[in-house]
J.: 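Handing you a structure now.
Just so it is clear: chains get the letters A, B, ... in the order the sequence lines come, proteins before strands, and each one is counted from 1.
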Amino acid sequence: MTARNRSLKRLVETHGAVDAVGIEERVAKFTTRSIKKTAKLWGLNRAVTMIDLTTLEGKDTPGKIASLCQKAIAPHDHSTIPSVAAVCVYPAMVRHAKRHVEGTGIRVASVATAFPSGQTALKTRLEEVRTAVQDGADEIDMVINRGAFLSGDFASVQDEIAQVLAACGASTLKVILETSELETYDNIRAASFLAMQVLRPNDFIKTSTGKTSSNATLANNQVMLEAIRDFYLETGTPISMKPAGGIRTAKQALHFLVAVKETLGDEWLNNTRYRFGASSLLNDLLRQLEKERTGAYQAPYTFSEADGAY
Amino acid sequence: MKTSTTKPAASRPSRASRSRGPSARELIFGDLWEFDPAPETADPHIRSSYGLFINGKFSPARKGGSFPSISPGNEKKLTYLALADATDVDAAYSAASKAYEKVWSKLPGNERGKFLYRIARLLQDRAREFAVAESLDGGKPIKESRDFDVPTAAAHFFYHAGWADKLDHLAPGRQVAPYGVVGQVIPWNFPLLMLAWKIAPALAAGNCIVIKPAETTSITALKLCEVFQEAGLPPGVVNVVTGAGETGAAVMSHPLASKVAFTGSTEVGKAIMRSLAGTGKKMTMELGGKAANIVFEDAPLGQAVEGIINGIFFNQGHVCCAGSRLLVQESIADDMLTRLKLRMQSLRVGDPLDKNTDIGAINSKEQLTRISELVKSGVAEGAELYQTPCRLPSKGFYFPPSIFSKVTQSHRIAREEIFGPVLSILTFRTPEEAIEKANNTAYGLSAGVWTDKGSRILKMASQLKAGVVWANTYNKFDPSSPFGGYKESGFGREGGRQGLLDYCKLL
Amino acid sequence: MTSRLPITKTPKCYVGGAFIRSESARTYAIREGEFVANIPQCTRKDVRNAVESAAKAGPGWQKRSGYNRGQILYRLGEMLEARKAELADAVSLGSNKTGNPTKEVEATLDRILYYAGWTDKYEQLLGSVNPVAAPFFNFTVTEPTGICGVIAPDDSPLLALLSLILPIITSGNVVVALASETRPYPAILLGEILATSDLPGGTVNLLTGFRKEILPTIATHEHIRGISAVANPDERKLLHTAAADSVKRVHTLPSESPHDWLTAQSLQAIANFIEFKTVWHPIGA
């Protein structure tokens with residue numbers, strides 16, 4: 001093990017372990033908060049503004065991107081409903097997205113670095129980032145090198161993040177840890193600190209690509225929120241957070257926001273500091289907002305871009 | 001600090017509108033996203049008055065005495081309870097004795113078990129109603145009575161139901177038999193749960209019962225008597241007499257009680273033991289505590305903070321096994337204090353019936369006075385007090401969650417049981433010192449150990465003079481897990497095989 | 001006035017939480033003088049499929065707390081109690097009027113509650129903390145064996161079947177059971193009752209059919225780790241021989257001698273299908 005890896009390992013160990021049973025108990029309490037009336041409306045609206053509306057499929061086309069962007073700009077009929085934070089697409093689709101959302105305030109986020117696996121040469125991954133930025137990506141969602149992490153080569157993990165950061169220029173960087181592959185909460189906490197050490201204020205750490213069987217959970221979200229908190233108290237640098245994948249319902253989104261409220265407080269309850277990587281979540285938020293407005297439960301097909309046809 | 005009152009958000013002082021903006025490393029737990037009041041609305045079905053439950057029926061006290069019971073959350077009267085005197089207690093014991101002789105002792109174990117299963121299931125059916133009644137009567141947050149007290153009480157009945165026909169497995173090589181009639185007195189901090197802890201094993205072992213709930217919290221006990229009726233429990237098997245100290249003394253000292261069980265303060269426990277000395281009555285005592293919660297520098301700190309907070313603020317600190325002394329390794333003491341203060345920002349004090357309340361009402365004016373007095377002594381003796389600013393409801397008995405740092409062994413707040421939401425923080429340097437400080441008390445009910453090192457957990461557990469040791473967790477209870485104390489925290493166990501054995505005679 | 005024609009039930013086997021016919025589509029008739037019903041004549045492939053279902057259900061059933069398993073078994077009792085009369089009729093089929101069907105059903109109900117009460121207790125009696133002569137915390141815990149096969153006898157077709165199954169699932173094992181060949185109807189009803197009891201699908205799988213076709217497959221299937229059988233001498237020889245190939249835990253009762261099913265319940269019956277795991281950990285600073 002190199003000296004740098006040894007020292008990074010010590011750094012990571014200083015930040016301590018996570019008790020799995022304990023953290024799962026803590027997050028279970030978030031789900032018992034009762035959010036009603038004005039608090040519910042506030043939460044639902046805020047959650048809409050935090051969405052990175054996502055399409056990451058092999059079959060994405062400019063046409064698909066066009067309808068995604070239109071949905072992002074105008075999620076539903078009433079003008080009281082805010083627009084989302086960003087659209088999130090593959091690098092090849094960035095310029096199509098940019099065309100549609102330019103001037104609307106909605107940002108274009110691009111996944112890059114051989115998303116989701118990251119298994120190509122560093123040179124290629126960096127080139128992909130630069131191209132996406134040139135095409136207009138305001139934000140880059142990268143994946144860390146899990147192989148390097150799990151074999152103890154923390155230096156490579158960190159160096160690659162730093163190089164991707166440089167390639168981003170002024171664009172915001174989001175660092176995907178891929179929680180399902182890191183597996184343990186200890187690893188997720190360690191990887192969070194490795195990443196945060198080289199990030200700028202308001203860059204992000206992100207749970208997952210959404211492409212494995214297990215994505216964002218309240219527990220791994222909590223591990224990362226607590227790492228952000230501890231890092232902020234230590235250094236004064238505020239890092240932002242994005243859970244991605246697996247958050248499909250408004251109810252879940254509100255639980256995640258309760259976690260932010262009780263762990264990081266008011267300054268993180270906005271889309272500079274917190275995002276949801278999601279697609280069908282948006283319509284469930286709209287359904288709940290509409291139900292609050294009219295008093296009646298809503299059918300899914302009333303909302304544009306609905307999943308399913310029943 | 002958040003309060004769950006109905007005051008609108010706008011008129012509360014906004015944390016974010018302080019004249020000075022947040023410093024570089026401060027987290028704001030303000031009112032950007034305020035929770036609306038979320039009152040629990042289920043009907044607790046509390047009668048306007050209750051009689052004594054003797055021989056399967058409710059009946060007034062013979063001399064007609066009664067006393068009011070109020071809700072500590074808002075000081076409103078909930079009901080009137082009958083005041084049992086010595087003749088009432090005598091009638092209860094006669095009923096229990098007859099029921100034992102004629103009915104209960106003749107039932108095979110599996111039939112006794114079926115009654116306990118029914119009680120568990122019926123309580124589960126009415127869980128929500130019981131949870132509301134419990135919070136109204138005692139002051140604990142509805143979240144706790146709903147998610148912990150009521151389900152755990154039902155679990156106790158369910159667990160012990162399965163033992164009723166397996167008593168020959170309790171003591172290898174020996175046969176066991178019930179005592180006959182047992183007398184029990186329980187406290188006000190977990191009214192329904194303490195009732196289940198006492199009744200379920202006693203019945204499973206084949207005994208009949210006379211039990212007195214605490215005078216400030218008798219409602220769920222009496223509601224459970226309705227469940228006994230619905231379950232068809234034979235009359236006289238369980239008898240509930242309500243009243244205060246005198247009634248309790250009569251229950252403990254009655255000649256027909258072959259065994260008595262008491263949960264309450266060490267002071268009263270000693271008084272009972274004195275009064276029963278020489279009578280040959282079997283006793284079990286579950287008394288007070290002043291548990292040490294020991295945190296080493298290698299502990300998973302985020303979860304340790306949760307464990308400490310839960311250990312002292314759960315049920316407003318009205319817990320005999322509360323982690324009321326934090327023993328933190330000196331190297332992380334400042335860090336731990338900062339984290340605790342941060343965590344306290346999101347604790348909500350207020351109306352027990354609000355679903356978002358974390359810390360409810362103190363059980364009575366008397367208890368509130370006692371807590372306040374001890375906290376004053378802590379300040380007077382030079383410890384450093386921290387309480388997050390919060391607006392407490394104007395009616396009802398409330399106390400803000402409080403932590404004292406710079407506490408040492410000789411401070412009153414490190415020695416006396418406060419039984420409130422008050423944590424005393426002491427430091428230590430080495431494991432041996434932690435053990436010395438943890439054991440430096442006449443109490444010995446429980447302790448907590450937080451460390452990432454397994455062998456250290458086991459070493460600490462083996463040296464701590466406490467009947468329950470929680471490692472990397474706190475306040476965990478299960479019907480199968482024996483609970484009880486060392487030294488002046490009492491003797492005897494409740495739960496598990498060991499607890500059940502305490503309700504049997506060895507033949 | 002014509003009397004109403006009742007809808008007759010098509011017996012199916014309860015496997016993987018669903019009701020199936022045999023994959024061979026064969027059936028055999030049971031008669032009580034007159035025709036009663038056609039019973040699925042299961043094959044070794046049905047056994048194979050049942051074992052797959054059990055394997056899927058195994059991890060989840062094992063992970064549940066004893067308390068949760070106890071509540072599910074109690075619910076099984078609630079559901080069976082409600083159909084007591086129907087079960088007594090099913091038990092009397094093929095009995096030649098011997099035995100007492102109602103007594104058998106009531107004993108079955110009490111048997112269910114007996115084992116429901118063990119789920120969160122046997123560990124304290126079968127496991128232990130061991131006082132080794134060295135500074136180690138040494139403890140022995142129990143674990144369920146895994147997928148277990150059950151071969152039921154023809155007498156007491158409900159009580160015996162459940163008396164064999166219950167102690168096995170109490171500790172978290174899953175079961176593939178073969179009901180009595182000549183008196184299978186109680187097993188058909190039992191499947192329906194299991195389906196409404198909150199027991200996860202695949203935890204107990206009930207097959208009907210011919211012993212000589214099914215028994216060898218259960219005996220030799222290597223993913224079946226334990227067998228509880230009431231069998232004749234030849235069958236017992238077969239079971240123990242085949243079991244040797246995969247070191248199954250096999251417990252048999254002779255079908256040629258009478259067995260008092262009314263009293264057949266014990267802690268030992270649970271202990272027969274658990275494994276002991278002993279763990280050492282240093283005690284030190």
J.: Supply the atom-to-atom distance A/Lys36 NZ to B/Asp36 CG, rounded to the nearest 0.5 angstrom.
T.: 10.0 Å

J.: Heavy atom to heavy atom, less than 4.5 Å: which residues from residues 240-251 of chain A reach chain B?
T.: none

J.: Heavy-atom distances under 4.5 Å only: say whether A/Glu262 touches chain B with side chain, backbone, both or neither.
T.: both

J.: When you measure from the centre of the six-membered ring of B/Tyr386, is the NZ or CZ of B/Lys341 closer than 6.0 Å and no more than 45° off the axis?
T.: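 Because its charged atom sits under 6.0 Å from the ring centre and within 45° of the axis, B/Lys341 does stack over B/Tyr386.
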
J.: Within the side chain of B/Thr357, is there an N or O that forms a donor-acceptor pair under 3.5 Å with the backbone of B/Asp351?
T.: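 Indeed, once roles are kept as given, a pair shorter than 3.5 Å links the two residues.
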
J.: Among B/Thr473, B/Asp298, B/Asn293, exactly one meets side chain to side chain donor-acceptor pair (under 3.5 Å) together with B/Trp450. Which residue is that?
T.: B/Asn293

J.: Counting heavy-atom pairs closer than 4.5 Å to chain B, which one of A/Asp186, A/Leu257, A/Val223, A/Val21 comes out on top?
T.: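 The candidate making the most pairs under 4.5 Å is A/Leu257.
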
J.: Measure the OH-CD distance between B/Tyr474 and A/Glu25 for me, rounded to the nearest 0.5 Å.
T.: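 One gets 14.0 Å once the value is rounded to the nearest 0.5 Å.
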
J.: Going from CD1 on B/Ile142 to OG1 on A/Thr32, what distance comes out if it is rounded to the nearest 0.5 angstrom?
T.: 12.0 Å

J.: Please classify the contact between B/Asp147 and chain A as side chain, backbone, both or neither, with a heavy-atom cut-off of under 4.5 Å.
T.: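 B/Asp147 touches chain A through side-chain heavy atoms alone.
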
J.: Hey, which of B/Lys143, B/Lys355, B/Glu306 has the most heavy atom pairs under 4.5 Å with chain A?
T.: B/Glu306

J.: Taking the six-membered ring for Trp, are A/Tyr274 and A/Phe256 ring centroids under 6.0 Å apart?
T.: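 No, they do not, as the ring centres are separated by 6.0 Å or more.
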
J.: Do you know which of A/Thr38, A/Leu269, A/Thr14 has the most heavy-atom pairs under 4.5 Å to chain B?
T.: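 Among A/Thr38, A/Leu269, A/Thr14, the one with the most close pairs to chain B is A/Thr38.
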
J.: Report yes if some heavy atom in the side chain of A/Ser208 is under 4.5 Å from a heavy atom in the side chain of A/Thr179; otherwise report no.
T.: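 Answer yes - side chains close enough.
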
